[in-house]
Amino acid sequence: MNLITITLIIVIALTIILAIIAFWLPQLNPYHEKLSPYECGFDPLGSARLPFSLRFFLIAILFLLFDLEIALLLPLPWGDQLTSPLLTFFWATTILVILTLGLIYEWLQGGLEWAE
């Protein structure tokens with residue numbers, strides 16, 4: 001048989017086996033916590049107007065900001081093929097310095113403290 005055919009058979013068989021195990025294992029020992037939906041740590045059957053900490057949103061926004069940083073720096077390895085790779089290095093360093101200064105500012109202001 002062809003190597004590609006054997007590889008495809010193994011991949012498909014492994015996928016089917018893992019999918020069956022993933023559906024079968026949780027049904028072995030069901031209990032209330034497994035069967036209840038998870039809604040960000042809140043009780044999904046309670047009131048929808050419960051107050052929650054605004055710090056959660058600050059941490060989420062910081063996560064998105066640093067996730068965006070990765071997207072901005074992703075093409076950096078191809079920057080050395082440009083006519084001026086030092087300019088690419090300069091802008092990448094500028095982005096990292098601005099984000100590092102912002103992180104230090106948030107840290108000093110206590111924005112990363114979850115509990116006071």
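Sequential numbering from 1 along the given sequence is applied to the chain's residues.
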Among Ile, Leu, Val, Met, Phe, Trp and Tyr joined by side-chain contacts under 4.5 Å, find the other residues sharing a cluster with [X] and list them by chain and number.
X	result
Ile104	Leu108
Ile61	none
Leu86	none
Ile70	none

Out of curiosity, [X] [atom1] to [Y] [atom2], how far, rounded to the nearest 0.5 Å?
X	Y	atom1	atom2	result
Leu62	Asp67	CG	CG	12.0 Å
Leu82	Leu87	CG	CG	8.5 Å
Phe66	Leu103	CZ	CG	4.5 Å
Glu69	Leu74	CD	CG	11.5 Å

Hey, can you pull the donor-acceptor pairs under 3.5 Å for the side chains in residues 91-102, sequence neighbours left out?
unit_1, atom_1, unit_2, atom_2, d
Thr93, OG1, Phe89, O, 2.7
Thr94, OG1, Phe90, O, 2.7
Thr100, OG1, Leu96, O, 2.6

Can I get a per-line list of side-chain donor-acceptor pairs under 3.5 Å for residues 5-22, giving both atom names and the distance, sequence neighbours left out?
unit_1, atom_1, unit_2, atom_2, d
Thr7, OG1, Leu3, O, 2.8
Thr15, OG1, Val11, O, 2.7

